[in-house]
Structures are given as structure tokens and as C-alpha cells.
Amino acid sequence: MKLRRSFFARSVHDVAPELVGATLLVDGVGGRIVEVEAYHHEDPAAHSFGGRRTVRNASMFGPPGHAYVYRSYGIHWCLNFVCEEGSAVLIRALEPSHGLDTMAARRGTDEPRLLAAGPGRLTQALGIAGEHDGLPLDHPPFALYAAGDAEVEVGPRIGITKAAELPWRYAEAGSRFVSRPLGSRRSS
DNA sequence: CCTGTGATCGTCT
DNA sequence: GACGATCACAGGT
């Protein structure tokens, strides 16, 4: 079942766990989302913190159901799904199932676990870059299908220094394709 | 298993 | 001028 834009017009804390197990394809390449994180405007770790709009975070304040793509550490791209105003879900990892050869070529590895385990790896495998910022998620090149049954685990987010203790990371229990097991200490 | 470090640059102060 | 919602690799335990 395809996800409609209205799916995203809710609290990011409701949407994020429901995205675990959903299928994300970009031009037919992708797989099952197994790890996400929630960010919103009252969250010190979020780009939208305090409701401050900038050129970079404009998409976060745009309509729900669109992509927010930004550059991380000057090197990588990160993909988010915009929810209610000023909130978004960071897509951190997926289990590759469609277009494995394309992902392997883009990533420079055949190791399935390394194709899309981490937000930077995922965007590289799916061919996501700055031109995808602001695009609607219910139109090509995106295709999103609702999750079936998925057991979701919760834990602290990764790689942040502010509000690092908040348990707003959601992952599929037992998945080998997450960027890092829940409950482990290291941030990469 | 773990920790440390360099790469690299746009964004915000 | 400082700092990342990261990754790959090196080296020690």
C-alpha cells in the first residue's frame, strides 16, 4: 500500500516508528527501512530548533510528505521525510532488496551490510543528493510503501551532542542492516 | 571487540 | 572561525 502525503501530516513521534519496515525506492532502487530518527523544532539537536528558518532547513518547514536533504560534514548527504511543521524523520538505514547491483556500483562494495547502513551510505546507494531536497515523496523518483508487521526497538540517537539522551531512534529488532545495534555506545 | 583521526565544506555566529 | 543528524581506515586489546 502506497503511503500518502497525509501519512506524514502527524507528529514525527507517531510517524517515525511506523516507517520502520516501510519500503523506500528511488528510481526503483532501495529496500525496507530498518532504522530512523525523529527530530522536531523543540529538539536542540534538530536543524529546526527554536523555529529558526534558514536557507538550509527551509524544507523542514515546508509541507509534510516532502524530502529534506542536506549535506553532512561537507561530504555526505542525509535524507529526511518532513512531518508536521518543523519536524522530520532521518532515514538512517535500509535492508537492500531492489537494484542491488546499482547500489553496489555506487557504493563500491558488494557487501550487502555496507550498502545502506547509515544515512550517508544510504543516500549514496540510492543516488540521493541536493537536487532531491523539497521533492514530494509520493511522486517519482520516490516510491514509498507502508510497513507490514515490524518489531520496533527504541533507543538514543547517534552522532549528536545535544539532547543525546532522548530515545528517538527507532530500529527493526534484530536487523543486521542497521547502522549500529541499539544500545551500543559508539557513534559510528 | 574497541578507540582515535583525517577528510572536507556549507552553514551559522 | 567553529562546528557538525558521517564514513573509512588504522591500530590496539
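Below, chains carry the letters A, B, ... as their sequence lines are ordered, and counting in each starts from 1.
A:Phe177 pairs by the ring-ring contact (aromatic ring centres under 6.0 Å, His included) definition with nothing, not counting sequence neighbours. Residues meeting the side-chain contact (heavy atoms from CB on, under 4.5 Å) test with A:His40, sequence neighbours left out: A:Val12, A:His13, A:Glu42, A:Asp43, A:Ser87, A:Trp168. With sequence neighbours left out, A:Tyr170 forms a ring-ring contact (aromatic ring centres under 6.0 Å, His included) with no residue at all. Here A:Phe8 pairs with A:Phe81 under the ring-ring contact (aromatic ring centres under 6.0 Å, His included) rule; sequence neighbours left out. With sequence neighbours excluded, no residue satisfies side chain to side chain donor-acceptor pair (under 3.5 Å) with A:Asp14.
Looking at A:Arg32 and A:Thr23, their side chains never bring a donor and an acceptor atom within 3.5 Å of each other.
Using a 4.0 Å cut-off between charged side-chain N and carboxylate O, A:Arg169 and A:Glu35 make a salt bridge.
Within residues 31-61 of chain A, the residues approaching DNA chain B are A:Thr54, A:Arg56, by heavy-atom distance under 4.0 Å. For the contact set between residues 66-79 of chain A and DNA chain B, defined by any heavy atom under 4.0 Å, the members are A:Tyr73, A:Gly74, A:Ile75.
Through chains of ILVMFWY side-chain contacts below 4.5 Å, A:Leu25 is grouped with A:Tyr145. Here A:Met1 sits alone; no ILVMFWY side chain lies under 4.5 Å from its own, so it joins no hydrophobic cluster.
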Checklist line | Base-pair map of DNA chain C as dot-bracket, where | denotes pairing with a different strand and pairs are Watson-Crick or G-U under 3.5 Å | finding: ||||.|||||||.
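Regarding A:Leu122, its CG atom lies at a distance of 13 Å from the P atom of C:dT6, rounded to whole Å. Per the geometry, CD belonging to A:Glu165 stands 15 Å off P belonging to C:dA5, to the nearest Å. In this structure, CD1 of A:Ile128 is placed 17 Å from P of C:dT6, rounded to the nearest angstrom. Whole-Å rounding puts the A:Arg107 CZ to C:dT6 P distance at 14 Å. In this structure, A:Lys162 places its NZ atom 12 Å from P of B:dC12, rounding to the nearest Å.
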Listed pairs under 3.5 Å, donor-acceptor, residues 114-128 of chain A side chains, sequence neighbours left out:
{"from": "A:Arg121", "atom 1": "NH1", "to": "A:Ala117", "atom 2": "O", "distance (Å)": "2.8"}
{"from": "A:Thr123", "atom 1": "OG1", "to": "A:Trp77", "atom 2": "O", "distance (Å)": "2.7"}
{"from": "A:Thr123", "atom 1": "OG1", "to": "A:Pro119", "atom 2": "O", "distance (Å)": "3.3"}
{"from": "A:Thr123", "atom 1": "OG1", "to": "A:Gly120", "atom 2": "O", "distance (Å)": "3.0"}
{"from": "A:Gln124", "atom 1": "OE1", "to": "A:Arg107", "atom 2": "NH1", "distance (Å)": "2.7"}
{"from": "A:Gln124", "atom 1": "NE2", "to": "A:Arg106", "atom 2": "O", "distance (Å)": "3.3"}

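Residue A:Arg121 is in sugar-phosphate contact alone, with no base atom involved, counting any heavy-atom pair closer than 4.0 Å across all strands shown.
Every pair passing salt bridge (Lys or Arg N to Asp or Glu O under 4.0 Å) that includes a residue from residues 47-71 of chain A is listed here, sequence neighbours excluded: A:Arg53-A:Glu85.
A residue-by-residue look at A:Thr161 and A:Gln124 shows that A:Thr161 has its nearest nucleotide of DNA chain C further toward the 5' end.
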